[in-house]
Amino acid sequence: MQGWFFVIILVLTACALFYIGRSRAVATVGGDPTVLHSKPGFHGAFVMICGMVPAVLLFFTWLLFSRYLTSAYVTAQLGADFANLATIEQNALIRNMRSFADRTDLSALSQLEAEAVEHYRAFVGRAALILQIVIGVLVVAGGWFAMRAIHQELRARQFVEKTVMSVLIAASGVAILTTLGIVLSLIFESVNFFQKVNFLDFLFGTHWSPQSAFEGVGEEATDRNSEVFGAIPVFAGTLLITAIAILVAAPIGLMSAIYLSDYASPKVRATAKPIMEILAGIPTVVYGFFAALTVAPFFRNTGEAIGISVSSESALAAGLVMGIMIIPFVSSLSDDVINSVPQSLRDGSAGLGATKSETIRRVILPAALPGIVSALMLAISRAIGETMIVVMAAGLSANMTVNPLEAVTTVTVQIVTLLVGDQEFDSAKTLAAFALGLVLFCVTLLLNVIALRVIKKYREQYD
Amino acid sequence: MSVEANLAATAAKAPAANASKVKMSGNGVNVFYGEKQALFDVDLNIYENQVISLIGPSGCGKSTFLRCLNRMNDTIDVCKVTGKIVLDEDDIYDKNIDVVELRARVGMVFQKPNPFPKSIYENVAYGPRIHGMTRTKDELDDLVTSSLRRAGLWEEVKDRLDQPGTGLSGGQQQRLCIARAIATQPEVLLMDEPCSALDPIATAIIEELIDELRANFTIVIVTHSMQQAARVSQKTAFFHLGKLIEEGPTDQIFTNPINKKTQDYITGRIG
Ligand SMILES: Nc1ncnc2c1ncn2[C@@H]1O[C@H](COP(=O)(O)OP(=O)(O)OP(=O)(O)O)[C@@H](O)[C@H]1O
Ligand SMILES: [Mg+2]
């Protein structure tokens, strides 16, 4: 309730500041807005920005640090009583303090915890009051200074444009910072893991059975764990399944893209394209049980009939279904690129007596190659990151094999199995998930870089 | 230069213009884009080893007629052509005609240069390769070289045949497209405003080229420049609103047009 009230106040204040700025601008030039350097609306926005931005920034800063500040304050108040507790107990106390902050009945809490809650409430109450006052002062002061600054020649438009730019920069900053944060946390946890298990043993070890990890410390643990944390079988599984998926998706996707863009009548195209795109909208878990319940048994039965042993969970089934899943990525993107090859090139080729397929093979595809490559890369990234289908259809056993008829496992599946269930967050087993994630991230990053390179090299060849 | 002066020059260069045989002819050609009719009942003869200019105001159907001559209109879904167009006795809209072969015989240079995103060499070698016109690499090399020479581009590109054709200037690209078209050794060459994007010097080179090419090819050129039509062509056809208004020897069309509309157009009163 209070939150909504706050938002409404904020919006109303912003509108008021805008209106004030606008009228003030018109008033300063005696009611004739045409002599203003910037239109009155820009003056309004100017006042609004000066009033609101510092206040809002302050508010967000508070949100960012309030958790830290409250626990620091409470800890300080409790003094030695708190400091004498074990780390786990300290954490529990802070957790309880927060969850009981809004309740009246504190009887479930210990003496010390109840005390903490009291301190907490007092601090939050005071802080909220101070915050409100400071925000109020900031709004009024900012607005007032901005009002004073308004005159005929004020470059309000430039100011507003610059603010817009800052907002845009901030938005892209959020995306970049998030990525950075994720990568850093991955790296951080992976470093922890590599203190327990040798980096090279992990990267080049050929045996993967993290369930038998040894939770000791020191030399002995490192030796034992180097034998169970060999990631090669897992990556081999990912590679195998991805390869199968691409072998399925690339030709089918590309050929359907060519059909859609160059052969199909507009009518066929208008119906076929959306239908193909529906494929992309099917939840992967549905593909997963399609793979596990229909495709895999089909392969096993066929194998039995012709005397080949196919395990009931096979890389082939998972790869095939995954390939079908990524067909729309390949076809839809390739179709767009192929379509964007100028008609004049098609005409030029046809005008020299080339057939349609010669034109496509010799002119269109080479010209569209960079786009097609990036479509394929995107599809590969999708396939590498895909989890659900593999969990359901390829199995969990980390076999080192290139035989697509056997069960294999993939990086994503292993990450899932390592992290589900109750785990301590600092055992070698759970940390292994981060190491796997990091390597996976590096691989997809590398793929993207290669794709970008290819695109850059061949781009701008036609205009 | 005045139109008359040009005419005198052209007439001097083209002595036996009337003696040659009909290479292509259109009889009652109608073209429809969906409901809209773009050409009405056009009859036109195109004579062997001559240059014929198609002139007329924008949107009158010059490009449309040109594209009928090698069936490039087939690539436009809504486009429908009726009537008869003959190339050396063969009706090119006959069911049995091989469009691919037709286009090899009737080459086309487009209004906007459209080199392929390949090397200069590959651009020129494209047609010969798909038609299997040469037996050895050397033969192909010779063909590429001679085509570039005839298009007046050889000197400028001989050291960088392996660089992309799209990296050339607009005028060079247009000459590359001409080289590409003549490398296929067509019998008829269709050119849609080949000089519209060129400076006077490049234009002069191409006009000279057209005059040379006439010895081996039959050429149909669309142009908006009256001077150009007068300089390069022996025959001129004037189109207006989808109808062929008048056709005849270039000097007669420009000095002594029969139709009032033609006169208005060449003197700049409609257009
Ligand atoms: N692809 C098309 N679809 C529909 N109508 C078209 C198409 N191409 C041309 N037209 C129509 O046909 C008529 C003749 O067009 P055309 O391109 O032959 O003119 P043009 O004489 O070459 O003109 P310009 O000198 O401007 O090139 C025009 O009215 C045009 O709108
Ligand atoms: Mg035209």
Side-chain angles (χ1 to χ4, degrees), chain A residues 254 258-273 334-375 453-463, chain B residues 63 66-67 69-78 98-119 122-133 163-168 170 173 176-186 189-192:
Chain A
L254 207 55
I258 292 172
Y259 171 72
L260 282 183
S261 64
D262 276 89
Y263 287 89
S265 69
K267 225 167 157 185
V268 173
R269 190 183 143 85
T271 35
K273 209 175 170 196
S334 308
D335 177 51
D336 290 344
V337 214
I338 291 176
N339 256 322
S340 71
V341 174
Q343 179 66 27
S344 67
L345 289 185
R346 291 184 170 82
D347 288 348
S349 176
L352 291 168
T355 62
K356 217 163 193 174
S357 69
E358 279 169 336
T359 303
I360 287 166
R361 213 173 56 242
R362 290 167 176 263
V363 177
I364 311 285
L365 287 186
L369 189 69
I372 292 173
V373 169
S374 67
R453 280 261 154 131
V454 172
I455 293 167
K456 209 166 163 189
K457 182 149 180 250
Y458 290 99
R459 181 185 283 167
E460 291 177 345
Q461 287 212 334
Y462 57 85
D463 270 322
Chain B
S63 300
L66 200 69
R67 291 165 64 90
L69 297 177
N70 68 345
R71 293 186 56 173
M72 282 303 287
N73 283 332
D74 291 10
T75 61
I76 300 170
D77 291 320
V78 294
D98 178 5
V99 182
V100 168
E101 197 209 306
L102 168 72
R103 292 190 189 139
R105 290 173 66 190
V106 184
M108 183 152 195
V109 176
F110 295 82
Q111 178 167 355
K112 198 170 155 255
N114 55 351
F116 301 131
K118 298 170 177 292
S119 72
E122 285 301 322
N123 260 286
V124 183
Y126 186 85
R129 272 197 214 278
I130 55 176
H131 298 297
M133 288 165 57
Q163 286 177 18
T166 40
L168 298 172
Q173 287 188 9
L176 179 63
C177 292
I178 293 174
R180 187 174 74 182
I182 58 186
T184 323
Q185 300 179 345
L189 192 56
L190 312 176
M191 302 176 122
D192 195 348

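The sequence lines fix the lettering, A, B, ..., with proteins before strands; numbering per chain opens at 1. Because only heavy atoms are used, hydrogens play no part in the values below, and waters and symmetry mates are left out as well, while side chains stay in. Quick caveat, the model's predicted, so the values are computed rather than measured.
- Across all their heavy atoms, B:Y126 and A:S349 have their closest contact at OH-OG, 2.6 Å.
- Judged by distance alone, the side chain of B:N114 and the main-chain N or O of A:L345 form no donor-acceptor pair under 3.5 Å.
- In this structure, the side chain of B:H131 does not engage the main chain of A:A354 through any donor-acceptor pair within 3.5 Å.
- When each of B:D98, B:V100, B:L190, B:D74 is scored by its heavy-atom pairs under 4.5 Å with chain A, the top score falls to B:V100.
- For the pair B:T184 and A:L352, the tightest heavy-atom approach, listed with the atom from each and the gap, is OG1-CD2, 3.5 Å.
- The greatest number of non-hydrogen atom pairs below 4.5 Å with chain A, out of B:R180, B:R105, B:E122, is found for B:R180.
- Residues A:D347 and B:M72 have side chains in contact (heavy-atom distance under 4.5 Å, counting atoms from C-beta outward).
- Among all heavy-atom pairs drawn from B:K118 and A:P366, the shortest one is NZ-CG, 4.4 Å.
- Between A:P266 and B:D77, some side-chain heavy-atom pair lies under the 4.5 Å cut-off.
- Heavy-atom distances place the backbone of B:V106, and not its side chain, under 4.5 Å from chain A.
- Both the backbone and the side chain of A:R362 come within contact range of chain B, with heavy atoms under 4.5 Å apart.
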